[in-house]
Every structure is written in C-alpha cells, then in structure tokens.
Engineer: 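Take a look at the following structure, please.
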Amino acid sequence: MATASKDYDFSSIEPKWQAYWADNATFEAKDFEDKPTFYVLDMFPYPSGAGLHIGHPEGYTASDALKRFKKAQGHNVLHPMGWDAFGLPTEQYAIKTGTHPAITTKQNVANFTQQLTQLGFAYDWNREVNTTDPGYFKWTQWIFMQLFKKGLAYVDEKPVWFCPELGTVLANEEVLNTPEGPRSERGSFPVERRPIRQWVLRITEYAERLIAGLKDLDWPDSTKRLQENWIGRSEGAEITFDVSGHAAQLTVFTTRPDTLYGATYMVIAPEHPLVPTITTAEQSDAVAAYVEKAKSKSDLERAELAKEKTGVWTGATAVNPINGREIPIWVADYVLMTYGTGAIMAVPAHDVRDFEFAKEFGLEIIQVIEDGGEAAKDAEGALLEAYTGSGKLVHSGEQSGQDSETAKAAVIQRLAAENRGKATIHFKLRDWLFSRQRYWGEPFPVLWVSESDYAKVDDSLKSVDRPVTCLIEGELRHAIILPEAELPLELPVVESYTPSPDGQSPLSKAGDWLHVYIDPKTGATSAEARDGWIQGIRETNTMPQWAGSCWYYLRYIDPKNSEALIDPEKEKYWGMPDLYIGGAEHAVLHLLYARFWHHVLYDLGVVSDPEPFKKLFHQGIILGEDGEKMSKSRGNVVNPETIIESYGADALRLYLMFLGPLEAMKPWNTKGIEGVARFLRKVWRLVVGEEGGLQANIGEGTLDSETERLLHATIKKVTDDYSTLSFNTAISQMMICVNQLAKVERLPREAVESFVQLLAPLAPHIGEELWLRLGHTGSIAEAGWPKHDESKLVEDTVKIIFQVNGKYRGDAQLAVDVSKDDAIAAAKANERVQAFIQGKSIKKEIYVPGKIVNIVAV
RNA sequence: GCCCAGAUGGCGGAAUUGGCAGACGCGCUAGACUCAAAAUCUGGUUCCUUCGGGAGUGUGGGUUCGACCCCCACUCUGGGUACCA
C-alpha cells in the first residue's frame, strides 16, 4: 500500500484512497450499531448531461467533512447519495434523439458517480436511490395511493399554465413573472392559461399544520419566513352583503372587519360567477367588454400593468350590513378570483389598493380609523394616502371609540348574530398541481372506469369519502387506485416521447398499455378480458419531478425494502436527518412539499415524527471570477475536473471551504487556490522528508509551551468550527498552526498525528496518506478524534491593553489575576500613558479583567 | 412597492455578553537561495503624516469610559415576492 513518493503527488494518492474507501466499505452505515447515530443529508442532484457544476462540491464537501468528523468522534454516520432522475432535459434529449430516457439517465448517473468519487466524497453507495428505479417509484406511487384513499387527491379542469414550447402544463411555481410576461422557469418560454384535466393534491388541508410546524424547526429564519409568507395565513372574517333588487348575496373576505363602516363600494373579480347576474342592462355592454378584455390580457399584462387601476361599475348596488348604506358594486381585475371569495368590500381610507381605485374613479373615501397624525392629508384634512394601521374607530356607529382589535371582534359578533358574517382564516397557499403531460415521470397508479362499473368495485380501491370523477371524451368516469400488488406500475414503451399538441401526455398513445381489464374485487389487471372483470383506462398523466424528491430521505434508511416503504425499526434507529444541507432555491417548493407528504405519512403511522428536517442549512452560491452568476453564456464557468487535474481534490475541497462562510455568496478566484495548495505542501513536508521517509525531527519529546498551547487551541477551535460548519476559520487556524509547527526543531509524533487528524475531514486523501506514513494501519476516519487539554490553554500572564480616553497607548503582560489597582498602577507607570495623562485630571479609571485598562482624563 | 440578507484594505474574508479593527489567504513588494527562472524561505503591505501623531469598518445622527458590534434615519448591493383583501 505504501508509496514511496517524496513529494506531494495528489494525482497518485487520491485515486488510491478512493479505491481504499470503496474496497473496505469504510463509510458503510450499519443498521442498529450501538453508537449514537448521525444522519447528514445532501439535496440529491438531478443527473444532467452537463455533469457536476462547481456548486455541487460546495455543499457536498461540507457534508462530507462533517460526516468524517462525526465518524471520527464515534458516531454511526449515515451519509447517502442518490438521483432525482426524472425530469425534463432527459426527456427532451429523448425527443431529439429517440434515446430512451432510462439509457441517458444511466449514463449520466455513471458520470456523476465518477465525478463525485473523484472529489473524495465517500458515500454509502449501498444505499443509493434513484427516483426512476421501479423499486423506488413503487413507493412514490404507494404514497400517492394513500393520498388518494385519504381523499387528498382530486381531478380538476381549471385553467392552468400551459407552455406550448415545452408541450406541458406547469405549476404556478414553475412560472416566472418577467418583463416580457409570464415565462416558464425552465427555458424561459412564453406560457398561457389553458383548461386541462389535472390531478391536484389538497396541500391546503395541511396549511395550518405546515405553518405551526415551522415554529420548532432549526432553520434559517429567512427560510421559515419565506414558507410562512408562501402559506400566507390570514385571519379575518367573511361578511355577506345583500345585492339590492336581487336574491343573490355577495360574500367577501376581509382582515379588517373593524373598517366595515368605511366600506364605500365593493369589487368583484371579472371571473366572478355573479357578474352576469347582477350587471344591469345599461352597464352590460361595458361590463362584458371589460370582462372580455381582462380575460384576453390573461395574467400576462394583468400583472404587468398592475400600476394602473381599471374597472367598470356593474350598475348594481349592495347593502352594507352594518349601517344599511347602499354602495356600488364594481368589476375590477385588481381583485383575484383565486383568493378569498373573489369579492371584496372596498375601504379606500384604509387600504392602499382601494384608495388608488377610489381616486381613479372618484369614489367616496370615509376615514373610520384615527391615524394619530401618521397619514398625509391635504389642507381640508382629506387623506392623501390610505392609513393601513390600527387605531380608534370614528364615524362607526356604536363601535366608535373602540380600538381596532376590540372592534374586529365586536363587528364579527354582531354580524354573526344576524348570520351575516363569521370569523374565518384564509390561506394564500393553493392546492398542489400534481400532474404533467410528459413521459419521463412516475405513472399514476390510477384507472378510470364507467359509473356503472364503479359500483362493482371494492371499497379498498376507492376514495370512499371523496370519489374522484371526470369527463373523458364526453363520458363520466370514476377513478380507482391500483392495489399495492400491482405496483410498481412501470412506464410503457412508446414510439414518440413528444406530447400531443393538445397537451395530452405521450402515454395517451400507448394503446396496449392504456386499456386494461380489472378485477373489481382485488384490482388485479390484465390485457385479456376475464369473466366478471371490468374495463378501464389508465391515467396518462405522470407525476411532477417533486414527487420523487418528496420522500427520498426516508428511503436511504431502508433502500432495498420491497415489503414496505421503510422498516419502522430502522426508522426509529436512524430517525430523521440531523442536518439537511442544500441550496436556498428550494426554500419553498421542495421543502414545503416534502413537509406536506411527511405530515401525511406521520398521520398514517409510517414515520414517528411529523417534521422531516429538524435542522437545515443553505450553502451559498459560488459566483464566477467576475462576481456574476456562473453561466455558459458569460463564459465564467469553473469546471471542478480541471481544478482537480492541476491542484487535486483535497486542494479544491479545502479552497471551496476557505473562500468564506459556507452560507455566503462568494466569487471564485482561481489564483486563490494557490494558498491552500501551498498549505497542503507544507503539511506534507512536515511529515515526509526530502528522501521520502518520515521527517527526521519527528519523534519523542514535548513541544515548547507556546507551541503546545497553540496546538491545543487549534484542536479546540477546529473541533468547534467543524461542529458549526465554520470551515473557513477552521482552515485559517490550521494554517497558523502548521506555520508554527514548521518552525519547531523537534516534533513529538503525537502532535503531528493530532494535526493530521484535524485536517483529514476536509482533505481526506492527504490525511490518510500521512496517517499511513506515520506508521498506522487502517483509515484515519476510524482513528478517533484528538481532544484538547484545557490545562494547556491556561496562561499565567495576559496582555492588558492600556487606553487613555478609549485610545490604545500601550500594553503590558500582567498576571492573569492581577487586581484592579495593580493593573491601573501598571498602566499609569507606562511612559506613553503618562505622556497622555500629564497635566490632566483623571475622571475615571476602568479595568475590564484580563482585557483592558481605560483612563479617562480631561 | 413589500419581505429578507448584506456593505470592513487592491481582492476573498477575520474579529460578538461592546474592549489592540484588518487574523488567515490571494495579490503586490523588498530580500535570501540561483548563472538565471520556477519552486521554497524571510520581511513589508489600510490611508494620511511635519514621524509627535492623526483618520479609518457604506452615509448622517445617538447611547457609552470605549461601537464593525447596540439604537434611530438614510444610501447602495444581492435574493425573494408581486394587487393575497
């Protein structure tokens, strides 16, 4: 095993130790080992054809170092890797070349694996998962089955974003608002609204729990707030207004029932079902034209032209239930059909948008909350802006004089008594659009049967409480779920991976696969007709990429189990990830969807904790050398492989961590890597002599006390810094330490060994090689972790700073326990201090023990 | 517009119960070694200075014996979000 190389030759050392870790299963995580467990999870990558980007090794180096550190400290560490392999690029490559996505995926995974290995990331590959593997997606489908049976999945034909270029629908979250209008997040193609039949998951039923659960999570605050805002819980009231001269009533949602007396008009969304009903004959042309225009400008300009408020009076009026006032009902597109009830009571005095609208159309503005002088007013005392704060009510009948909070409750109570209102909570969060018209995704384990056949089907295959139905080619169909025995439902072989222009999935053309006979009792399927079996059509949509990534962290714990998603004993042994490292770009979607599924699995008793990710860390982004985001078009992309060729994986790992705080956004600087490369050569030379043997000055003996103190301080700091992922400062401390060790005449073997152990998690290849050359067998990862000796850190003298009027004027080494009087006396004895207090009167003398003396002299 | 994060030498960044600002590294620079270069090693490197000192952590105020750190107002940069009633 030992190589005799004299110089630091990373190109021979690194592959050697990578092979060693693989051959010896050094980082295999054994179930039920009697040690404290530590589960460190990386966000698994999409194995694209482009290979690893410099951003991947950043977070992965941190987790790899943490894993090695925790293992050395005696933990049983679980640190797996897998592939989020369903996805668009692979499918688009298939459309272009005809290559089956599974083949492309396999090649890409092989390439990624090789690149990760080259970086020295030693995962437990026995636990590798791949979302496209039938043994994996069987359980993705199984989870869907549970959602279906619980009534959390349904089909809807509401308008959704459709991208003609990609030939698929997109989730709201996959559509970006750009100056050119809404565009697809991937590829930036124009998108439009289209009504298409979709599977939707009722994530909104978990909204309350998803908000509440955030409280105890050790996540970056900004990420928690992002999720909070996304879920958008708001407390308020629903209030029902009578429409004059109609039986119809208009219900609005408001968070400010206290401002009800200030409601001077109402607005309903152009899509509101009551628009045609209440519009008067005189206004019908204008309203129809407005509604038509709102529809045609879709959300594209609607978001774009948000500055100008537009709208039309319907001709109808409503009655304010609190004071009987008659107020006009307008149609305007600043009210959205998709939030609340699609209608609002407008209180222009106390809502910015209503204020703008009222100004635009000359509608009445009545102030009902005192602003305490905060809002800008004109000479006559009329509001120049909306006052949105709280305060005492005025012009509000019997509520006048109450504060906002009291009035809110009082108004709700009053309306509730008349059955005209109630306290409610609304969420911004929408249900999760869960289907895609694509080939390369998990097929839904769903069959569509006729109404009469549905009656024959066993309840175990149904969503009993909330049956799912839809019209397919004009016929009413009922959804039933495949039984577990029929899973996994694999993708059929198709001739073309292209979706049809009408937005149908490529699966809709797989005739043999599409039509099946079903045993209504068991759900067994067959291509042949059988006695008593019914006919069905398979669902042709596939699941979105989020599906597979929603629960992969569970599968690592029990990756090969064909009987269950996860063995409960193993789930209890490992628990949930102790740390989850990944980019902030997933702050909302992935992390919210995964939490939702996890809550459902918790309800099902599959997992023992409602929250999956207790502690979350976002690594920052590495920018190009020009300080801009790395991109091919800018030509500032740094390729990890070329760096490894010239400097080695250890240097790259070290440098990635040395650049700055892990969470920060920081520019790459190729020259800077020279510094850590020099450091590694210095460490090498510390251990290995010019002739290739151990350095002659390594042996028995002790360090001088100053060096010894530094070594122990280094052990302490590095240990602390690793625990908090502060690798940049750990490296800086190790540099200081090695610079000192290089100056020492005789080096005790133990001191050198401790140092190498500290370095090994970040630079594992050189760590192993030096450990070997120091005469050890076995991996340094299993050699334990050095402990600092607190007694070695104790100093008997300490440097005390002398200040006059807060400015540094000198210092002295004084005994650690020097008294205040002695310290101040020492300061006054200092020549420079004397010069500055000469002829002045001393007002104050401050002594901060062990730190500073400050003499205030005027 | 709103929410969040940030601003420290030529550059990346250190420094927290409020106590020497600029650790460590890059770059630059002087020197040693060398015929020379690379590599390596040693020293210097915030700015101004009459060499006594003075100024200095985005800007302006404040609290304090003392502020990169705490408070108020603002500027700029990055990220998220987009009429959510």
Engineer: Validate the cation-pi geometry between A:Arg809 and A:Phe836: distance from NZ or CZ to the six-membered ring centre under 6.0 Å, angle to the ring axis within 45°.
Structural biologist: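 That pair qualifies as a cation-pi contact.
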Engineer: I want to confirm an ordering. Mapping A:Arg809 and A:Met345 to their closest nucleotides on RNA chain B, which one lands closer to the 5' end?
Structural biologist: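 Closer to the 5' end of RNA chain B: A:Arg809.
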Engineer: Using Watson-Crick or G-U wobble geometry with both distances under 3.5 Å, which nucleotide pairs with B:G18?
Structural biologist: none
Engineer: In the structure shown, which nucleotide is the Watson-Crick or G-U wobble counterpart of B:C76, with both distances under 3.5 Å?
Structural biologist: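 Partner of B:C76: B:G6.
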Engineer: Within 90° of 0 counts as syn, otherwise anti: where does B:G9 fall?
Structural biologist: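 Chi for B:G9 falls in the syn range.
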Engineer: What's the closest nucleotide to the side chain of A:Ser222 if the choices are B:A85, B:C4, B:G78?
Structural biologist: B:C4
Engineer: Select one nucleotide: of B:G12, B:C20, B:A85, the one nearest the side-chain heavy atoms of A:Pro667.
Structural biologist: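 For A:Pro667, the side-chain atoms sit closest to B:G12.
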Engineer: Measure distances between side-chain N and O atoms of A:Lys671 and base N and O atoms of B:C11, and say whether any donor-acceptor pair falls under 3.5 Å.
Structural biologist: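 Absent.
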Engineer: Checking contacts here: which listed nucleotide (B:G13, B:U81, B:C83) is nearest the side-chain heavy atoms of A:Asp333?
Structural biologist: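 So the side chain of A:Asp333 is nearest to B:C83.
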Engineer: Applying a 4.0 Å non-hydrogen cut-off, can you work out what A:Asn739 is touching in the nucleic acid: base, sugar-phosphate, or nothing?
Structural biologist: sugar-phosphate
Engineer: Side chain of A:Lys807: nearest nucleotide among B:A55, B:G13, B:G25?
Structural biologist: B:A55
Engineer: Just confirming the chi classification of B:G52, syn or anti, using 90° around 0 as the syn window.
Structural biologist: syn
Engineer: Please state whether the phosphate of B:U40, meaning OP1 or OP2, lies under 4.0 angstrom from any side-chain nitrogen or oxygen of A:Arg681.
Structural biologist: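 Yes, within the criterion.
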Engineer: Check the pair A:Asp258, A:Tyr261 against side-chain hydrogen bond (donor to acceptor under 3.5 Å, both in side chains), reporting the backbone distance first and the verdict last.
Structural biologist: CA-CA 8 Å; A:Asp258 54 321; A:Tyr261 283 93; over 6 Å; no
Engineer: With side chains defined as the heavy atoms from C-beta onward, is the minimum distance between A:Thr259 and A:Met345 less than 4.5 Å?
Structural biologist: yes
Engineer: Quick one, A:Asp720 and A:Tyr722 - any side-chain contact, counting heavy atoms below 4.5 Å?
Structural biologist: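 No, side chains not in contact.
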Engineer: If you pin A:Phe836 and A:Thr254 to their nearest nucleotides in RNA chain B, which one's is more 5'?
Structural biologist: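 Closer to the 5' end of RNA chain B: A:Phe836.
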Engineer: Pick out which of A:Asn728, A:Ile622, A:Ile673 makes a side-chain contact (heavy atoms from CB on, under 4.5 Å) with A:Leu659.
Structural biologist: A:Ile622
Engineer: For a quick check of understanding: with a heavy-atom distance under 4.0 Å over all strands, which category does A:Ile801 fall into, base, sugar-phosphate or nothing?
Structural biologist: base
Engineer: The side chain of A:Asp351 lies closest to which of these nucleotides: B:A85, B:G19, B:C83?
Structural biologist: B:A85
Engineer: Rounding to an integer number of Å, can you tell me how far A:Ile846 CD1 sits from B:G19 C1'?
Structural biologist: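 Value for this atom pair: 10 Å.
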Engineer: Between B:C83 atom P and A:Phe355 atom CZ, what is the distance in whole Å?
Structural biologist: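 Checked: the CZ to P distance equals 21 Å.
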Engineer: Under a 3.5 Å cut-off for both distances, is B:C70 Watson-Crick or wobble paired, and to whom?
Structural biologist: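 By the stated definition (distances under 3.5 Å), B:G62 pairs with B:C70.
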Engineer: Scan A:Asp811 against the nucleic acid and name what it touches under 4.0 Å (heavy atoms): base, sugar-phosphate only, or nothing.
Structural biologist: nothing
Engineer: So what does A:Lys428 touch, heavy atoms closer than 4.0 Å: a base, only the sugar-phosphate, or nothing?
Structural biologist: base
Engineer: Could you identify the nucleotide paired to B:C28, looking across every strand shown and requiring Watson-Crick or G-U wobble geometry with both distances under 3.5 Å?
Structural biologist: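 B:G44 is the nucleotide pairing with B:C28.
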Engineer: If you look at every strand shown and take non-hydrogen atoms under 4.0 Å, does A:Ser234 touch a base, only sugar-phosphate, or nothing?
Structural biologist: sugar-phosphate
Engineer: Once you apply a heavy-atom cut-off of 4.0 Å, does A:Gln803 come out as touching a base, just sugar-phosphate, or nothing?
Structural biologist: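 It contacts base atoms.
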Engineer: Would you kindly give the CE-to-P distance between A:Met657 and B:C26, to the nearest whole Å?
Structural biologist: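 Rounded to whole Å, this separation is 19 Å.
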Engineer: For A:Leu226, which contact category applies under a 4.0 Å heavy-atom criterion: base, sugar-phosphate, or nothing?
Structural biologist: sugar-phosphate
Engineer: Could you state the CZ-P distance from A:Arg832 to B:C20, rounded to the nearest angstrom?
Structural biologist: 16 Å
Engineer: So, is A:Arg225 near the phosphate of B:C4, with a side-chain N or O under 4.0 Å from OP1 or OP2?
Structural biologist: yes
Engineer: Please give, in whole Å, the distance from B:C65 P to A:Phe802 CZ?
Structural biologist: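 Going from CZ in A:Phe802 over to P in B:C65 covers 22 Å.
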Engineer: Is it the case that more than 12 heavy atoms not belonging to A:Glu228 sit under 6.0 Å from its CD atom?
Structural biologist: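 Above 12, so yes.
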Engineer: Indicate, with a heavy-atom threshold strictly under 4.0 Å, whether A:Arg678 touches base, sugar-phosphate, or nothing.
Structural biologist: sugar-phosphate
Engineer: Would one find a side-chain N or O of A:Asn728 under 4.0 angstrom from OP1 or OP2 of B:A23?
Structural biologist: no
Engineer: Do the side chain of A:Lys799 and the base of B:C20 come within less than 3.5 angstrom through a donor-acceptor pair of N or O atoms?
Structural biologist: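 Answer is yes: a donor-acceptor pair is held.
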Engineer: Please tell me which of the listed nucleotides, B:G25, B:G79, B:C26, lies nearest to the side chain of A:Phe658?
Structural biologist: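 Comparing B:G25, B:G79, B:C26 against the side chain of A:Phe658, the answer is B:G25.
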Engineer: Base, sugar-phosphate, or nothing: which does A:Lys682 touch, judged by heavy atoms less than 4.0 Å apart?
Structural biologist: sugar-phosphate
Engineer: The criterion is side chain to side chain donor-acceptor pair (under 3.5 Å); which residues satisfy it with A:Thr424, sequence neighbours excluded?
Structural biologist: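 Residues passing side chain to side chain donor-acceptor pair (under 3.5 Å) with A:Thr424: none at all.
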